[in-house]
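Within every chain, numbering begins at 1; the chains are lettered A, B, ... in the order of the sequence lines, protein sequences first and strands thereafter.
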2 protein chains.
Amino acid sequence: MARGRPPAHTREQVVDAAIRLADAEGLAAVTIRRIATEIGAGAMSLYTYVPDKDRLLDLMVDKVGEETPKINITGDWRTDLMALAAAQRALMLAHPWLPAALPNRRLTGRNMLGYLEQSLAALEPTGLDGPTKMELIALVTGFVASYVTNEIAAATPTSEQVALITEAVASGDFPHLATALSSGARGTEPSFERIAGWAITGLVEQAIRPKPSDRSSS
Amino acid sequence: MARGRPPAHTREQVVDAAIRLADAEGLAAVTIRRIATEIGAGAMSLYTYVPDKDRLLDLMVDKVGEETPKINITGDWRTDLMALAAAQRALMLAHPWLPAALPNRRLTGRNMLGYLEQSLAALEPTGLDGPTKMELIALVTGFVASYVTNEIAAATPTSEQVALITEAVASGDFPHLATALSSGARGTEPSFERIAGWAITGLVEQAIRPKPSDRSSS
DNA sequence: TCCCTTTCTCGTACGCTGTACTGAAAATAG
DNA sequence: CTATTTTCAGTACAGCGTACGAGAAAGGGA
């Protein structure tokens, strides 16, 4: 068996090299030629292992999902969802290109499905129906991606957006913005745990309520 | 005054043509050369009106923000935030490339600041401090973008991801996923209003609570 | 009127991208 | 050995963003 010339590399080597590149220099540095030279191959040889670049990105996303530690399902949905969200955030902080690569990407591999499975298990005690659970999971994932994106972007404020904002504040057209920016002193830092707690608790508690419009009768 | 050769076009024409292209054929169709031929100019002439393509995307994002109808601030934060979220969603559905163009894009123009200003005004009755308000607004915006992205992606399910999921379900490794997908019958549709209501109500009510860890003592 | 300065136009060109094509190389099967 | 099958990788092509620079078109000053 195994006829024909044996492969000099593996698909995993290609994906790993791509991830290493993205981690070090960002998604834009991930090009077919760069990856090829990185693993010591000709550019076109990569197409033996990967159909095209878009699928390569799918594989990258799924591969980094392997790093996620297995979360123990305690049975308390709040604890479990928080742990899952924290794991997702850690993954995105370790691979800052992930939030950018995630949208418009299809559900791609078993690792992503595994995350979905765990989230469904965490939501089991709520007694919600399947579609609602799925919706909640998508929402929480979106929250985390959005939070981390802001977190990364806020770490490197551009000088020009500072100029835009200060000019806007000085113009007087944005009074609420001006006061919001000047009221700096606050007690607690808006840590991820605090905000994620709001989102998860608020979202699920709202969803659990028997009828959506019963807020006043309780 | 007005020395030198007069411009044959305007920056607005360039941005409008780019938006028209993105609406019709997606973000990938927005190239300098395409826009140039669209408005009957040489490719390099665009650089008179726009410094580079990245700034052009900034301008596109800010320009479509002009379409947002002015929301009346009623003073009830729930009503106002829901109206703002609905307006955002309508904008994204009208310009499906918007959610994809939005992330890693800096706060860019007065329309975006105007949206921020209105959101801050809507959150005024909550009595929250400035940074927390900002955080909540970013979260709600991220939620809407995430929801619309899913909404658009779900409208066109790929045959291969269907195959992946059915195979995964058949493998038996994902029991919760299997039951979640099979439990189809539910009463209410997960409409945007329902889900956005959960997110906004849950999020703000959680944020308003005096101390984050007082959930058990109330 | 002629010329200078300023501004916009746009053809050419460079380096980069993803990838189709093609023939050589390297393995096994007979 | 030859035939078959598979991978390797060089070449090539269309397309991208955009740097450069020559020409065109306006106003201002002589």
Quiz prompt | N/O (side chain, B:Tyr49) to phosphate O (OP1/OP2, C:dT7) under 4.0 Å | solution = no

Quiz prompt | Counterpart residues, salt bridge (charged side-chain N to carboxylate O under 4.0 Å, His left out), relative to B:Glu193 (two or more places apart) | solution = none

Quiz prompt | Interatomic distance, A:Leu59 atom CG to A:Asp54 atom CG [nearest 0.5 angstrom] | solution = 10.5 Å

Quiz item: By side-chain hydrogen bond (donor to acceptor under 3.5 Å, both in side chains), which residues pair with A:Glu38, not counting sequence neighbours?
Solution: none

Quiz item: What does nucleotides 23-30 of chain C look like as a protein-contact string, B for base, S for sugar-phosphate only, - for none, at under 4.0 angstrom between heavy atoms?
Solution: --BBBSS-

Quiz prompt | Value rounded to 0.5 Å, distance of NZ in A:Lys63 from CG in A:Asp58 | solution = 15.0 Å

Quiz item: B:Lys53: what forms a salt bridge (charged side-chain N to carboxylate O under 4.0 Å, His left out) with it, not counting sequence neighbours?
Solution: none

Quiz item: Would you say B:Ser146's side chain and B:Gly142's backbone share a donor-acceptor pair under 3.5 angstrom?
Solution: no

Quiz item: Between which nucleotides of DNA chain D, read 5' to 3', does contact with chain A run, using atoms under 4.0 Å from its heavy atoms?
Solution: D:dT4 to D:dA12

Exercise. Check DNA chain D against residues 52-60 of chain B and give the residues with a non-hydrogen atom under 4.0 Å, in numerical order.
Key: B:Asp52, B:Lys53

Exercise. To the nearest 0.5 Å, tell me how far B:Ile32 CD1 sits from B:Tyr47 OH.
Key: 4.0 Å

Quiz item: Near DNA chain D, which residues from residues 26-37 of chain A have a heavy atom under 4.0 Å away?
Solution: A:Arg33

Quiz item: Could B:Asp62 and B:Arg110 be called an ion pair, given the rule that one side-chain N must be under 4.0 Å from one carboxylate O?
Solution: no

Quiz prompt | Sidechain-backbone polar pair: B:His9 side chain, B:Ala41 backbone, donor-acceptor under 3.5 Å | solution = no

Self-check item: Distance in Å, A:Phe143 CZ paired with A:Trp198 CH2, rounded so as to fall on 0.5 Å steps
Solution: 11.5 Å

Quiz item: Is the backbone N or O of B:Tyr49 less than 3.5 Å from a side-chain atom of B:Arg11, with the two atoms forming a donor-acceptor pair by type?
Solution: yes

Exercise. Quick one: list whatever passes side-chain hydrogen bond (donor to acceptor under 3.5 Å, both in side chains) with A:Gln13, sequence neighbours left out.
Key: none

Quiz prompt | Distance in angstrom units between B:Leu46 CG and C:dC8 P, rounded | solution = 14 Å

Quiz item: Does anything in residues 38-45 of chain A reach DNA chain D, meaning a heavy atom under 4.0 Å, and if so which residues?
Solution: A:Ala41, A:Gly42, A:Met44, A:Ser45

Exercise. Indicate yes or no for a side-chain donor-acceptor contact from A:Tyr115 to the backbone of A:Gly65 under 3.5 Å, with no hydrogens or angles considered.
Key: no

Quiz item: So how far off straight is the helix from C:dT9-D:dA22 to C:dG30-D:dC1, going by the axes through five pairs at either end, to 10°?
Solution: 20°

Quiz item: NZ/B:Lys133 to OG1/A:Thr179 distance, rounded to the nearest 0.5 angstrom?
Solution: 5.5 Å

Quiz item: Between atom OG1 of A:Thr31 and atom CG of A:Leu21, what is the distance when rounded to the nearest 0.5 Å?
Solution: 7.5 Å

Quiz item: Under the ring pair (Phe, Tyr, Trp, His ring centres under 6.0 Å) test, which residues partner B:His95, sequence neighbours left out?
Solution: B:Trp97

Exercise. Under the salt bridge (charged side-chain N to carboxylate O under 4.0 Å, His left out) rule, collect the residues that match up with B:Glu66, sequence neighbours excluded.
Key: none

